[in-house]
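Reviewing the structure listed below.
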4 protein chains.
Amino acid sequence: MSEKRARIIATALKLFCEKGFQNTSTATISKEAGVATGTLFLYFKSKDELINALYREAKNELAGFFQQDFPTEPSVENKLYHFWQKAISWALENPYQFRFFNMYSHSPFISSLTKEESASAFQFTLDFVEEAIEAGSLAPIDSGLFIALFSGQLNATVGFLTQNPQLTNRKAVTDQTFALFWKGISKS
Amino acid sequence: MSEKRARIIATALKLFCEKGFQNTSTATISKEAGVATGTLFLYFKSKDELINALYREAKNELAGFFQQDFPTEPSVENKLYHFWQKAISWALENPYQFRFFNMYSHSPFISSLTKEESASAFQFTLDFVEEAIEAGSLAPIDSGLFIALFSGQLNATVGFLTQNPQLTNRKAVTDQTFALFWKGISKS
Amino acid sequence: MSEKRARIIATALKLFCEKGFQNTSTATISKEAGVATGTLFLYFKSKDELINALYREAKNELAGFFQQDFPTEPSVENKLYHFWQKAISWALENPYQFRFFNMYSHSPFISSLTKEESASAFQFTLDFVEEAIEAGSLAPIDSGLFIALFSGQLNATVGFLTQNPQLTNRKAVTDQTFALFWKGISKS
Amino acid sequence: MSEKRARIIATALKLFCEKGFQNTSTATISKEAGVATGTLFLYFKSKDELINALYREAKNELAGFFQQDFPTEPSVENKLYHFWQKAISWALENPYQFRFFNMYSHSPFISSLTKEESASAFQFTLDFVEEAIEAGSLAPIDSGLFIALFSGQLNATVGFLTQNPQLTNRKAVTDQTFALFWKGISKS
DNA sequence: CATGAATGAGCATTCATTCAT
DNA sequence: CATGAATGAATGCTCATTCAT
């Protein structure tokens with residue numbers, strides 16, 4: 001929408017990641033975004049609403065990205081690999097958003113309402129997992145636990161790549177960790 | 001050491017988990033710990049030093065707990081399972097500490113000095129992994145990545161158990177997720 | 001004049017009485033009056049000028065009302081009773097204006113210039129009192145003090161009626177308090 | 001109690017009268033009282049609590065002053081005159097308190113709880129009036145209305161004296177206005 | 001060692017006012 | 001005439017830290 005609003009969102013994302021939510025004053029955000037202090041409150045009723053809007057918008061962007069090029073017919077492994085590779089490339093291309101989720105997904109600043117709303121955008125992943133388990137393609141564990149394990153593996157991989165930026169064989173690493181995960185989780 | 005110091009540490013741990021670091025005032029900690037506001041600063045030079053001390057001490061306790069009953073001769077799988085089970089039971093018995101690590105391990109409040117110091121207490125786990133890889137018992141991946149994957153699986157499992165407290169077959173769940181992990185990571 | 005100006009005046013009167021001058025933002029007045037925020041400043045240079053205009057216009061209306069049906073020949077008592085009854089009925093019919101005067105007559109928001117200008121519209125009441133004293137119909141006190149006593153009795157009466165809206169014998173009450181006042185103040 | 005608290009109360013009283021409640025910042029009060037900005041909030045939880053405390057304490061002082069030297073046996077006229085003279089001298093000796101009551105008695109800043117609490121300290125005046133009416137010494141009007149009329153006459157008199165500080169016959173003026181009031185209100 | 005009154009820099013938020021459209 | 005997005009100074013309040021006792 002408004003260009004000023006977009007600049008506020010982008011600046012807040014950067015600063016919340018680098019210095020933390022509470023350590024970042026609204027005055028700093030405004031200044032760095034090049035708007036007046038009052039302007040922030042024109043677009044966001046409060047600092048809390050700002051971080052919630054940030055979360056919501058990032059989550060929706062990610063959900064949209066996940067669904068791009070979703071393979072319709074291939075095997076469960078290929079579908080899962082699609083998610084894996086989408087998630088990895090999104091995280092590497094949007095490092096601030098990735099850190100933001102790691103830092104604030106479980107923080108008290110994100111209201112449960114926001115979490116619920118955002119969760120619905122990812123319902124399709126839960127559905128996918130449940131269908132695959134029922135079809136006998138995956139080990140029979142709770143779908144929520146599955147998502148948690150998948151995210152854990154993902155975080156570990158991305159974290160490793162981020163902390164070792166000199167590595168050149170990124171695709172090899174991500175394929176390897178996916179292979180480990182798949183080896184563990186697949187029914188066979 | 002001093003009993004007052006211990007009460008301050010315990011109260012801070014609880015409050016930092018429940019309300020967050022920045023949302024918890026030193027006055028609140030002091031009052032809840034039953035000491036005067038000045039007393040906190042007698043034992044900790046600043047609020048920052050307090051949270052760093054908290055981190056250091058919890059990390060050291062955990063390292064000590066890890067080494068208890070460490071099996072000296074058995075197989076790599078048994079040794080790894082020892083860590084797994086120690087970590088799970090510690091997390092379930094010390095929920096505040098577990099949440100504390102999740103919340104603050106990557107926060108800017110914990111100085112890199114503190115992190116380095118604490119990492120050394122866990123050097124033996126890195127050593128163990130590297131030996132096992134060299135011995136051909138584990139898939140040949142970076143030892144740091146291995147630890148990250150292990151921790152990710154661990155967090156996912158504990159998180160799942162914590163969010164589903166009605167479950168009675170806790171051991172079954174932890175054994176299952178360990179089995180998945182081992183199936184993926186082991187060389188065979 | 002302009003219908004928008006009139007709506008702003010009316011809305012401001014209501015809100016200043018109900019929530020106070022400083023507690024009412026110009027944005028709120030504009031919104032409730034159905035005009036844009038800038039429009040208010042088209043008709044009134046500042047918020048201060050708005051409240052001063054409000055005061056001036058209300059005062060002039062009241063002065064005009066006082067002079068309606070002014071008895072030309074009757075006795076001093078009848079003339080005074082005319083003012084009494086006009087004032088009472090105006091106050092009961094224009095409760096917002098009445099409260100407004102009570103709240104802001106001595107406030108620092110109304111400039112002394114405004115007060116002076118408005119006072120001139122009531123010069124005729126002072127003249128009336130002074131003539132009556134000279135003619136020996138009233139106790140020989142300062143005319144300003146007389147007006148103050150009259151207003152005090154008036155406020156007390158209206159306040160009592162307003163706080164006891166269930167009373168049905170309003171005319172009896174106002175006649176009685178006027179009688180008390182007259183008994184005290186008349187020369188006899 | 002605390003000397004700092006007393007200085008804050010005194011400064012706030014002065015500034016609220018001279019510049020109004022909302023026009024006086026807590027920073028200004030603190031500076032003028034010679035304390036730090038935080039100190040004000042040490043003694044008063046909020047600016048609102050400050051003005052309520054001010055009201056309560058002034059009201060209680062006044063009530064105490066009223067009861068000093070209360071004549072036990074004399075006539076109703078003498079008792080009423082006692083209140084009159086006490087009130088006048090209190091108002092002239094405590095001009096800030098007097099203005100404060102005029103400005104804030106009906107303001108929304110004083111909570112109804114505060115008003116109720118303070119009203120109880122003046123219950124004895126209502127009792128006195130009711131007894132006197134029953135005994136047939138005063139005109140049979142509502143006791144609340146009586147108090148309102150008495151206060152109105154009082155305010156008018158004090159206002160007149162304050163606006164005409166050059167007058168030397170203050171006692172004559174107050175005796176005269178009391179006489180007018182008594183002439184009107186007494187049963188005879 | 002221990003206390004808690006006092007400090008004052010820092011922050012989120014409001015709002016009268018302007019001005020480009 | 002009318003609009004409303006944008007401004008930024010001003011304000012009530014918090015809280016880590018100090019220090020006299």
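To find a chain, count down the sequence lines: A is the first, B the second, and so on, and within it residues start at 1.
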Please tell me if [X] has a side-chain N or O lying less than 4.0 Å from either OP1 or OP2 of [N].
| X | N | answer |
| --- | --- | --- |
| B:S46 | F:dA16 | no |
| D:Y43 | E:dA6 | yes |
| A:T37 | F:dG8 | no |
| B:K45 | F:dT17 | no |
| B:T39 | E:dT3 | yes |

Quiz prompt | Toward the 5' end of DNA chain F, by each residue's nearest nucleotide, A:A36 or B:Q22 | solution =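 With B:Q22 and A:A36 compared, the 5'-side residue is A:A36.
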
Quiz item: In dot-bracket form, how is DNA chain E paired, counting a Watson-Crick or G-U wobble pair only if both its distances are under 3.5 Å and using | for bases paired to another strand?
Solution: .||||||||||||||||||||

Quiz item: Between C:G38 and D:G38, who's closer to the 5' end of DNA chain E by nearest nucleotide?
Solution: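 Result: D:G38.
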
Exercise. Could you tell me whether the side chain of A:N52 and the main chain of A:S111 form a donor-acceptor pair under 3.5 Å?
Key: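 At least one qualifying donor-acceptor pair exists.
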
Quiz item: Would you call A:E57-A:R5 a salt bridge at under 4.0 Å N-O?
Solution: yes

Self-check item: SB check D:K14 D:E32 (cutoff 4.0 Å)
Solution: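 So D:K14 pairs with D:E32 through a salt bridge.
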
Quiz item: How about B:F109 and B:Y55: are their ring centroids closer than 6.0 Å?
Solution: no

Quiz item: From the list E:dA2, F:dT7, F:dC1, which nucleotide is the closest neighbour of the side chain of B:K4?
Solution: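 So the side chain of B:K4 is nearest to E:dA2.
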
Quiz item: Of the residues in residues 23-35 of chain A, which ones touch DNA chain E at a heavy-atom distance under 4.0 Å?
Solution: A:T24, A:S25, A:T26

Tell me the interatomic distance from [X], atom [atom1], to [N], atom [atom2], rounded to whole angstroms.
| X | N | atom1 | atom2 | result |
| --- | --- | --- | --- | --- |
| A:F41 | F:dA6 | CZ | C1' | 15 Å |
| A:L40 | F:dA5 | CG | P | 16 Å |
| D:I51 | F:dG12 | CD1 | C1' | 15 Å |

Quiz item: Nearest heavy-atom pair of B:E49 and B:Y43: which atoms, and what distance?
Solution: OE2-O, 4.3 Å

Practice problem: Report yes if some heavy atom in the side chain of B:I29 is under 4.5 Å from a heavy atom in the side chain of B:L15; otherwise report no. | Solution: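 Yes, side chains in contact.
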
